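Shown next, in structure tokens, is the structure this report addresses.
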Amino acid sequence: MAEITLNNLVKKYGDGFPAVNDVSLDIRDGEFMIFVGPSGCGKSTLLRMVVGLEDITSGELLIDGKEVNDLSPKDRNLSMVFQNYALYPHLTVYENIAFPLRLAKGKFTNDEIDSKVRMASTMLELDEHLERKPANLSGGQRQRVAMGRAIVREADAFLFDEPLSNLDAKLRGQMRTEIARMQRRMGTTTIYVTHDQTEALTLGDRVSVLKKGVLQQCASPRELYDQP
Ligand code: ADP
Ligand code: ADP
């Protein structure tokens with residue numbers, strides 16, 4: 001778990017209007033934080049800065065009070081689930097989930113890898129599908145594999161970039177419930193980006209509303225509902 005602090009974060013691409021404009025926010029240990037707003041408001045840019053895939057133009061990013069502006073993604077120990085899942089088509093579900101652990105060469109024994117993969121697959125109800133390839137899975141199952149791959153790493157925080165936007169309405173509903181359940185169970189700090197109001201208001205401990213790169217407000221779903 002980790003506390004993630006954004007201090008006056010700015011991102012400019014070229015010399016255009018800032019994609020992220022002076023955003024300050026403290027995401028608490030174990031909190032589920034949503035970033036919501038229309039397409040182009042800077043959500044992905046913000047997430048990519050946190051994970052380290054995008055340079056920060058100005059401002060400061062802290063993880064557990066330590067400045068990480070210059071740390072590589074590898075050294076931030078965060079785990080990101082992308083919109084398009086990016087599963088490896090030639091690998092089974094098991095090997096897709098195990099992949100990040102195998103990548104950390106020598107860090108885990110095969111037994112340790114096995115027990116982590118099985119814990120994740122049970123939590124995500126993938127036990128019966130471990131030997132299948134992604135092409136033979138439904139959209140929701142593929143999305144769960146992508147999540148499995150993110151959670152086996154035991155990262156300090158999980159970052160989700162519109163993970164449900166490619167699913168149909170019914171699956172989105174199911175997965176929403178599963179994500180909420182998983183996050184409560186693991187208690188891991190989570191940043192979740194979406195343009196979907198329902199996701200924002202049902203999943204988050206707090207919701208940060210972005211507009212044209214500017215943080216408009218940050219409040220609990222209840223406070224947002226109760227607004228006139
Ligand atoms: P969102 O995730 O909310 O849709 P983005 O963070 O993707 O928003 O984009 C915010 C703004 O930054 C948009 O105006 C977008 O066109 C611009 N932008 C995003 N990525 C780049 C890039 N690599 N180069 C130039 N402009 C970009
Ligand atoms: P390199 O330039 O060193 O090849 P990569 O982009 O391949 O860097 O990533 C190296 C490491 O950074 C990965 O093993 C992974 O741990 C981490 N990483 C890269 N992208 C992400 C991401 N989106 N979310 C979390 N970690 C990432």
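Just follow the structure's listing: the first ligand is 1, and inside any ligand the first atom is 1. The figures here come from the full heavy-atom set of this structure, side chains too, leaving out hydrogens, waters and symmetry mates. No experiment lies behind these values; they were computed from the predicted model shown.
T45 OG1, 2.6 Å is the protein heavy atom nearest to atom 6 (O) of ligand 1. With hydrogens left out, the protein atom closest to atom 8 (O) of ligand 1 is G42 N, 3.1 Å, a heavy atom. Taking atom 19 (C) of ligand 1 as the reference point, the nearest protein heavy-atom neighbour is Y13 CE1, 3.4 Å. For atom 7 (O) of ligand 1, the nearest non-hydrogen atom of the protein is S44 CB, 3.8 Å. The protein atom (non-hydrogen) at minimum distance from atom 13 (C) of ligand 1 is G40 O, 3.7 Å.
Within the listing of ligand 1, atoms 4 (O) sit less than 4.0 angstrom from a heavy atom of S39. Here is the list of ligand 1 atoms found below 4.0 Å of a heavy atom in C41: 1 (P), 3 (O), 8 (O).
One N or O on the side chain of K43 and one on the backbone of G37 form a donor-acceptor pair closer than 3.5 Å. In terms of modelled atom types and a separation under 3.5 Å, the side chain of R28 and the main chain of T189 share no donor-acceptor contact. In terms of modelled atom types and a separation under 3.5 Å, the side chain of R176 and the main chain of E199 share no donor-acceptor contact.
At least one protein heavy atom sits closer than 4.0 Å to atom 22 (C) of ligand 1. In this structure, atom 4 (O) of ligand 1 has a protein heavy-atom contact shorter than 4.0 Å.
Note on ligand 1: P38 sits in its first shell, one or more heavy atoms being nearer than 4.0 Å.
In this model, no donor atom of one side chain and acceptor atom of the other lie less than 3.5 Å apart for E95 and T92. No donor-acceptor contact under 3.5 angstrom links the side chains of Q183 and Y192, judged on distance only.
In terms of N/O distances under 3.5 Å, ligand 1 is not approached by A19.
What you find for K133 and L91 is that their closest heavy atoms are CD-O, 3.7 Å. Of all non-hydrogen atoms in L137 and R142, the two that sit nearest each other are O-NH2, 3.0 Å.
Between R144 and E125, no side-chain nitrogen of the basic residue sits less than 4.0 Å from a carboxylate oxygen of the acidic one, so the salt-bridge criterion is not met.
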